[in-house]
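Comments concern the structure below.
Because the structure is a prediction, the values reported are computed rather than measured.
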Amino acid sequence: LYINSKTRVLKFLHVEGKVFINNEINIGNIFYASDSISIFASVACKRIFSPRIISKEDIDEYKYTNVEENKKIEISGNMKIEGKFNIDSKEKYVIIDGNLVCNSDLKLAGNVWAKNNVFSQENIFLSDGVIVGVSNKIKSVVARKKVVINGKVKIYGYVHSEQEAIITP
């Protein structure tokens, strides 16, 4: 499915296959694609699910495996965070191999790969370079309030917000 003009869907959009969003779309509730969703324009909805959700352009996880040890930070295990949490990594590559659970705003930007679920009792902000999940393993990005995605971001799985999920490539 190619969305090339401004579109509003009142409740659900269910596609068997791939979706390419080339113009603004507002989906009242749930957006599903069985293969992948490639986003090149603004998207607003509450829930979005696909095995691969790509904003702006694809990000290759391979760049994380061929990094010098002094440019890599690896965190193993689940993280439960009290208060606001922010990782904005341009110089180093941060790999989080565990769930991120935060009771406040959670921000990830730059060279950050969260291999498991990302949860917040408030808002989640994902920006240029962030990857959530692993190919063929569905993971979730879940916020009590909003999920805001800006720039080049890749998610394997599910985005859920009780208020609104906004994706702007």
Side-chain donor or acceptor of [X] paired with backbone N/O of [Y] under 3.5 Å:
X: Ser55; Y: Gly151; value: yes
X: Ser34; Y: Gly17; value: yes
X: Asn111; Y: Lys90; value: yes
X: Thr7; Y: Ser5; value: yes
X: Tyr64; Y: Val112; value: yes
X: Ser161; Y: Gln163; value: yes
X: Trp113; Y: Gly133; value: yes
X: Ser89; Y: Lys92; value: yes
X: Ser50; Y: Ala33; value: yes
X: Asn22; Y: Asn4; value: no

Taking the side chain as every heavy atom from C-beta outward, state whether [X] and [Y] have any atom pair closer than 4.5 Å.
X: Lys115; Y: Ile95; answer: yes
X: Ile155; Y: Ile149; answer: yes
X: Ile39; Y: Ile54; answer: no
X: Ile75; Y: Asp97; answer: no
X: Leu126; Y: Asn150; answer: no

Start with the C-alpha gap between Leu100 and Phe85, add the side-chain angles, then the distance that decides, and say whether side-chain contact (heavy atoms from CB on, under 4.5 Å) holds.
CA-CA 10 Å; Leu100 281 176; Phe85 184 72; 4.3 Å; yes
Under the criterion ring-ring contact (aromatic ring centres under 6.0 Å, His included), which of Tyr156, Tyr32, Phe12, Phe31 is the partner of Phe49?
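Considering Tyr156, Tyr32, Phe12, Phe31, a ring-ring contact (aromatic ring centres under 6.0 Å, His included) with Phe49 is found only for Tyr32.
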Same hydrophobic cluster for [X] and [Y], using side-chain heavy-atom links shorter than 4.5 Å among ILVMFWY?
X: Ile59; Y: Leu108; result: no
X: Leu1; Y: Ile48; result: yes
X: Val132; Y: Phe119; result: no
X: Leu13; Y: Ile167; result: yes
X: Val153; Y: Tyr158; result: no

Under the criterion side-chain contact (heavy atoms from CB on, under 4.5 Å), I'd like the reasoning laid out for Leu106 against Asn123: C-alpha separation, chi angles, the key distance, then a yes or no.
CA-CA 6 Å; Leu106 188 145; Asn123 301 296; over 6 Å; no
Over all heavy atoms of both residues, which pair between [X] and [Y] is shortest? Give the atoms and the distance, please.
X: Pro169; Y: Ser42; value: CD-N, 4.1 Å
X: Ser104; Y: Glu122; value: CA-CG, 3.4 Å
X: Asp58; Y: Arg52; value: OD2-NH1, 3.3 Å

Measure the [atom1]-[atom2] distance between [X] and [Y] for me, rounded to the nearest 0.5 Å.
X: Lys46; Y: Glu162; atom1: NZ; atom2: CD; result: 8.5 Å
X: Ile30; Y: Arg47; atom1: CD1; atom2: CZ; result: 5.0 Å
X: Ser120; Y: Asp105; atom1: OG; atom2: CG; result: 6.0 Å
X: Ser38; Y: Phe20; atom1: OG; atom2: CZ; result: 5.0 Å
X: Lys145; Y: Ile124; atom1: NZ; atom2: CD1; result: 13.0 Å
X: Asp88; Y: Ser127; atom1: CG; atom2: OG; result: 7.5 Å

More than 12 heavy atoms of other residues, nucleotides or ligands under 6.0 Å from [atom1] of [X]: is that the case?
X: Lys146; atom1: NZ; result: no
X: Asn136; atom1: CG; result: no
X: Lys63; atom1: NZ; result: yes

Quiz question: by atom type and distance under 3.5 Å, do the side chains of His14 and Glu16 form a donor-acceptor pair?
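A pair is found: one side chain offers a donor N or O, the other an acceptor, under 3.5 Å apart.
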Between Asn99 and Asn116, is there a side-chain donor-acceptor contact under 3.5 Å, judged purely by atom types and distance?
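Note: Asn116 and Asn99 side chains miss the donor-acceptor criterion.
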Examine Lys107 relative to Phe125 and say whether NZ or CZ is less than 6.0 Å from the centre of the six-membered ring and inside a 45° cone about the ring axis.
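Output yes; distance and angle both within limits.
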Are Asn103 and Glu82 close enough, and set up right, to give a side-chain hydrogen bond (donor to acceptor under 3.5 Å, both in side chains), and what steps lead you there?
CA-CA 6 Å; Asn103 71 349; Glu82 299 287 329; 2.8 Å; yes
Does Lys154 come within less than 4.0 Å of Glu61, counting only side-chain N to carboxylate O?
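Counted as a salt bridge, because a side-chain N and a carboxylate O are separated by less than 4.0 Å.
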NZ/NE/NH1/NH2 to OD/OE distance under 4.0 Å, Glu68 and Lys71
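Lys71 and Glu68: not salt-bridged.
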Before you tell me yes or no, could you show the steps for Ile166 and Val43 under side-chain contact (heavy atoms from CB on, under 4.5 Å), namely the whole-Å CA-CA distance, both residues' side-chain angles and the distance that decides it to 0.1 Å?
CA-CA 6 Å; Ile166 301 165; Val43 175; over 6 Å; no
